[in-house]
Amino acid sequence: MFSHLTLGTNDLDKSHKFYDSLFAAIGGAPGTRGDTNIMYARNGAMLMITTPINGQPATFANGGTVGFAMSTPEEVEAWHAAGVSNGGTSCEDPPGKRDLPGISLHLAYLRDPDGNKLCAMYRYP
């Protein structure tokens, strides 16, 4: 349904380090850096990190979460560890398996250096 997702940042250098570490932890490529943005691509999707076009400070969405699909529970754990080690903050419950009615998930939540809420999710078969 979506072609891409864009998140704002106030510090491209911090974001570049943080998101490169997340993508490296799951076998992805480093971001391609422009003057005002960083682009990531994986599995047919694109994530862009950018300074706001209107020149105003970037802010995070209250109630918003960006979800990343993972191939294994180990990718979820590696993604979370890389994020915490590179300027992210763990949030929500600790990473791990969640059994919900009709579905089992392995989840991890982070806030990026600008406060955007991110989730890594693996769906158990």
Side-chain angles (χ1 to χ4, degrees):
M1 177 185 305
F2 299 102
S3 62
H4 67 279
L5 178 67
T6 302
L7 295 173
T9 184
N10 294 305
D11 190 325
L12 277 173
D13 293 330
K14 275 186 184 177
S15 288
H16 200 177
K17 179 182 177 191
F18 176 80
Y19 283 98
D20 272 6
S21 76
L22 293 185
F23 278 83
I26 59 172
T32 302
R33 177 91 178 248
D35 290 339
T36 61
N37 61 42
I38 311 158
M39 294 190 308
Y40 296 88
R42 186 164 190 260
N43 298 335
M46 186 185 316
L47 173 67
M48 293 181 285
I49 309 300
T50 186
T51 55
I53 294 170
N54 66 4
Q56 298 297 311
T59 59
F60 57 87
N62 185 21
T65 302
V66 177
F68 292 84
M70 300 292 154
S71 300
T72 65
E74 293 78 18
E75 275 191 357
V76 172
E77 297 290 335
W79 177 92
H80 184 266
V84 169
S85 295
N86 287 279
T89 305
S90 189
C91 62
E92 302 292 331
D93 292 329
K97 187 176 182 187
R98 312 285 197 281
D99 291 314
L100 305 171
I103 190 168
S104 290
L105 306 170
H106 200 94
L107 301 172
Y109 289 90
L110 290 171
R111 293 251 182 217
D112 76 4
D114 289 287
N116 295 298
K117 187 176 173 184
L118 311 173
C119 174
M121 180 179 70
Y122 169 74
R123 293 176 193 254
Y124 287 94

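Other residues, nucleotides and ligands contribute more than 12 heavy atoms inside 6.0 Å of the CG atom of L100.
Residues D99 and Y124 have side chains that never bring a donor and an acceptor to within less than 3.5 angstrom of each other.
A salt bridge links D13 with R33: the closest approach of a Lys/Arg side-chain nitrogen to an acidic carboxylate oxygen falls below 4.0 angstrom. Of the charged side-chain nitrogens involved, none lies within less than 4.0 Å of a carboxylate oxygen, so that K97 and E77 do not count as a salt-bridged pair.
Checked options I49, L22, L5; the residue passing with Y40 is I49 (criterion: side chain to side chain contact (heavy atoms under 4.5 Å, CB included)).
E92 CD to R98 CZ: the interatomic distance, rounded to the nearest 0.5 Å, is 8.5 Å.
A 4.5 Å side-chain heavy-atom check between L110 and H80 finds at least one atom pair inside the cut-off. Looking at heavy atoms from C-beta onward, E74 lies out of side-chain contact with Y122 at the 4.5 angstrom threshold. Using a 4.5 Å heavy-atom threshold, the side chains of D112 and Y19 count as touching. Residues M121 and H106 fail the side-chain proximity criterion, which asks for heavy atoms closer than 4.5 Å. L7 is listed as a side-chain neighbour of V66, based on a closest heavy-atom distance under 4.5 Å.
Nearest heavy atom pair, residue P113 against residue F18, reads CD-CG, 3.5 Å. Considering all non-hydrogen atoms of both residues, H4 and T6 come closest at CD2-OG1, 3.6 Å. Nearest heavy-atom pair across K117 and C91 is CG-SG, 4.2 Å. Between W79 and M70, the closest heavy-atom pair is CD1-CE, 3.5 Å. Taking every heavy atom of both residues into account, D114 and S15 meet most closely at OD2-OG, 3.3 Å.
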Q: May I have the step-by-step check of side-chain contact (heavy atoms from CB on, under 4.5 Å) for H16 and L12, ending in yes or no?
A: CA-CA 6 Å; H16 200 177; L12 277 173; 5.9 Å; no

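Note: F68 and F23 have perpendicular aromatic rings, judged against thresholds of 30 and 60 degrees for the angle between ring planes.
Grouping the Ile, Leu, Val, Met, Phe, Trp and Tyr side chains by contacts below 4.5 angstrom, directly or via other members, places I26 apart from L107.
Formation of a donor-acceptor pair under 3.5 Å by the T50 side chain with backbone atoms of P52 is not found in this model. Judged purely by atom type and a 3.5 angstrom limit, N10 uses its side chain to pair as donor or acceptor with the backbone of A58.
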